[in-house]
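Scroll down for the structure; my scribbles are underneath it.
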Amino acid sequence: MNDMTTMITQSDFQFSGVDVDNLTSSEYTLVTLAIDMSSSVSYYNTELKQCIKTIIETCKKSNRAENLMIRLTSFNSQIFEEHGFKTLSLINIDDYTQIRNPSGMTALYDACIDSIEATEQYGKTLTDQEFETNGVLYIITDGDDNRSQHSLSDVAERFKKLKYTESLESLQTFLIGVNVNESVFKNYLDDFKNTVGFDEFISIENANTDTLSKLANFISKSISLQSQSLGTGSVSNALPTF
């Protein structure tokens, strides 16, 4: 039996999600992790992958585990769906060692549009089937876009449009700058956050085992809080400290 179904977003990005007929809970939080895997990530590649594994392992232990669905993408010059929206019971943590290695440039804008459109479309699929559904989105990058087919204004338009749809009960969005120890990149990402309309921008100056462990803890807790807010009609009002 094939648990997954494949879909195409309005910008022609392909994504997958668990077939609705195979879902067993009445409510879900859709979690999207979009990870920069351009060449500049190379020297902390191992630590970043461990960060992602830790997030999944922690979510599996959550009392909301049965209500979480996670999609993981990586991006460099292109976007790669490492896996589509899956319930945690379908995720094998050992598969996370197979995430592609860093190479190429940074299609940040395309990765944002892919993430937002896939979340919106799959969220609508669930909502139309009377599942209670909200979402949380994390874009993790270390610098400027230099490869996308889409523009900054395209990203801002897609974020703005989602706020006026009924695809999700609520959506919380995070832009995370990793290893942005040069002020030019930090300022760029801060401006990007404000222009697009991300809810939060988190800046990590140096990427190492300690800081990425803290990031994993922050993301895991914020996922749990957003999931707990499902049914309230709004995003989680509380945020963990980083």
When every non-hydrogen atom of Ile113 is compared with those of Asp154, the smallest separation belongs to CD1-CB, 3.8 Å
Any donor-acceptor pair under 3.5 Å linking the side-chain atoms of Asp145 with those of Ser148? yes
For salt bridge (charged side-chain N to carboxylate O under 4.0 Å, His left out), just list the numbers for Glu66 and Lys60, CA-CA rounded to whole Å, side-chain angles, deciding distance to a tenth of an Å, and then say yes or no. CA-CA 8 Å; Glu66 293 183 358; Lys60 281 178 172 282; over 6 Å; no
Are the side chains of Phe201 and Asn194 in touch, meaning some heavy atoms are under 4.5 Å apart? no
Tell me whether Ser236 contacts the main-chain N or O of Ala238 through its side chain, where contact means a donor paired with an acceptor under 3.5 Å. yes
If I compare all heavy atoms of Met7 with all of Gly17, which pair ends up nearest, and what's the gap? CE-N, 3.9 Å
Hydrogens and angles aside, do Asn76 and Ser38 bring a side-chain donor and acceptor to less than 3.5 Å of each other? no
Quick one: closest heavy-atom pair of Ser40 and Asp142, and the distance? OG-OD2, 2.7 Å
Determine whether a donor-acceptor pair (N or O, by modelled atom type, separation under 3.5 Å) exists between the side chain of Asn179 and the backbone of Ala207. yes
Donor on one side chain, acceptor on other, Lys86 and Asn92, under 3.5 Å: no
In plain terms, say whether Arg158 and Glu120 are close enough for a salt bridge, that is, a side-chain N and a carboxylate O under 4.0 Å apart. yes
Evaluate whether atom CD of Gln149 has more than 12 neighbouring non-hydrogen atoms of other residues, nucleotides or ligands under 6.0 angstrom away. no
Donor-acceptor under 3.5 Å (Arg147 side chain, Met105 main chain): no
When you group the ILVMFWY residues by side-chain heavy-atom contacts below 4.5 Å and let the links chain together, are Ile52 and Ile219 in the same group? yes
Regarding Ser103 and Ser39, do their side chains bring together a donor and an acceptor under 3.5 Å, going by distance alone? no
Run the side chain to side chain donor-acceptor pair (under 3.5 Å) check on Asn208 and Thr211 step by step: do they pass? CA-CA 6 Å; Asn208 54 45; Thr211 58; 3.1 Å; yes
Would the distance check show the side chain of Tyr44 and the main-chain N or O of Val41 forming a donor-acceptor pair, the cut-off being under 3.5 Å? no
Salt bridge (Lys or Arg N to Asp or Glu O under 4.0 Å): which pairs involve residues 91-105, sequence neighbours left out? Glu82-Arg100
Do Ser224 and Ser62 have side-chain heavy atoms sitting under 4.5 Å apart? yes
Return the set of residues passing ring pair (Phe, Tyr, Trp, His ring centres under 6.0 Å) with Tyr138 (not counting sequence neighbours), or none when no residue passes. Phe174
Do you know the tightest heavy-atom contact between Ser74 and Met37? CB-CG, 3.9 Å
Derivation and outcome, side chain to side chain donor-acceptor pair (under 3.5 Å), residues Gln121 and Thr125: CA-CA 6 Å; Gln121 186 169 328; Thr125 298; 5.8 Å; no
Transitively linked via ILVMFWY side-chain contacts under 4.5 Å: Phe75 with Ile70? no
Begin from the C-alpha positions of Ser153 and Ser151 and carry the test side chain to side chain donor-acceptor pair (under 3.5 Å) through to its verdict. CA-CA 5 Å; Ser153 62; Ser151 67; 2.9 Å; yes
Using atom types as modelled and distance alone, determine if a side-chain donor or acceptor of Ser227 lies under 3.5 Å from a backbone N or O of Ile223. no
Considering residues at least two apart in sequence or located in another chain, which fulfil the ring pair (Phe, Tyr, Trp, His ring centres under 6.0 Å) criterion with Tyr109? Phe192
A side-chain contact here means heavy atoms from C-beta on lying under 4.5 Å apart; do Phe198 and Ile139 qualify? yes
For Gln226, does its backbone N or O pair with a side-chain atom of Ser229 as donor and acceptor, under 3.5 Å? yes
Hydrophobic clustering (ILVMFWY, side-chain heavy atoms < 4.5 Å, transitive) - are Leu162 and Val235 grouped together? no
Using the rule that two of Ile, Leu, Val, Met, Phe, Trp, Tyr join whenever any of their side-chain heavy atoms come within less than 4.5 Å, decide whether Val155 and Ile116 are in one cluster. yes
Hydrophobic cluster membership, Phe15 vs Val20, 4.5 Å side-chain cutoff: yes
Does any part of the side chain of Ile35, heavy atoms only, come nearer than 4.5 Å to the side chain of Leu48, both counted from C-beta? yes
In sequence, state the C-alpha distance, the side-chain angles, and the governing distance for Leu215 and Ile204, and then conclude on side chain to side chain contact (heavy atoms under 4.5 Å, CB included). CA-CA 9 Å; Leu215 176 61; Ile204 300 173; 3.9 Å; yes
Checking side chain to side chain contact (heavy atoms under 4.5 Å, CB included) for the pair Met4/Val18: CA distance, chi angles, key distance, verdict? CA-CA 4 Å; Met4 307 293 286; Val18 174; 3.8 Å; yes
Kindly determine whether Tyr96 and Gln50 satisfy side chain to side chain contact (heavy atoms under 4.5 Å, CB included), including the steps that lead there. CA-CA 9 Å; Tyr96 280 66; Gln50 182 56 51; over 6 Å; no
Looking at side-chain heavy atoms only, is the closest gap between Leu230 and Asn67 below 4.5 Å? no
Given side chains that start at C-beta, do those of Asn134 and Leu171 come closer than 4.5 Å, heavy atoms only? no
Examine distances only and state if a side-chain atom of Thr173 and a backbone atom of Asp199 form a donor-acceptor pair shorter than 3.5 Å. yes
Any sub-3.5 Å donor-acceptor pair from Asp110's side-chain atoms to His150's backbone N or O? yes
Go through Thr32 and Thr119 one step at a time and tell me if the side chain to side chain donor-acceptor pair (under 3.5 Å) criterion holds. CA-CA 8 Å; Thr32 299; Thr119 301; 3.1 Å; yes
Exam field: side chain Glu47 to backbone Leu212, donor-acceptor pair closer than 3.5 Å: no
Would you say the side-chain atoms of Thr6 pair up with the backbone N or O of Ser16, donor to acceptor, closer than 3.5 Å? no
Lys124 atom NZ, over 12 foreign heavy atoms within 6.0 Å: no
Considering all heavy atoms, the nearest Arg64-Glu27 contact: NH2-OE2, 2.8 Å
From CA spacing to verdict: salt bridge (charged side-chain N to carboxylate O under 4.0 Å, His left out), Asp210, Lys214: CA-CA 6 Å; Asp210 180 55; Lys214 289 179 180 178; 3.6 Å; yes
Is there a side-chain contact between Asp144 and Phe185 in this structure, where contact means two heavy atoms from C-beta onward sitting under 4.5 Å apart? yes
Just wondering, do Leu68 and Thr87 contact through their side chains at under 4.5 Å, heavy atoms? no
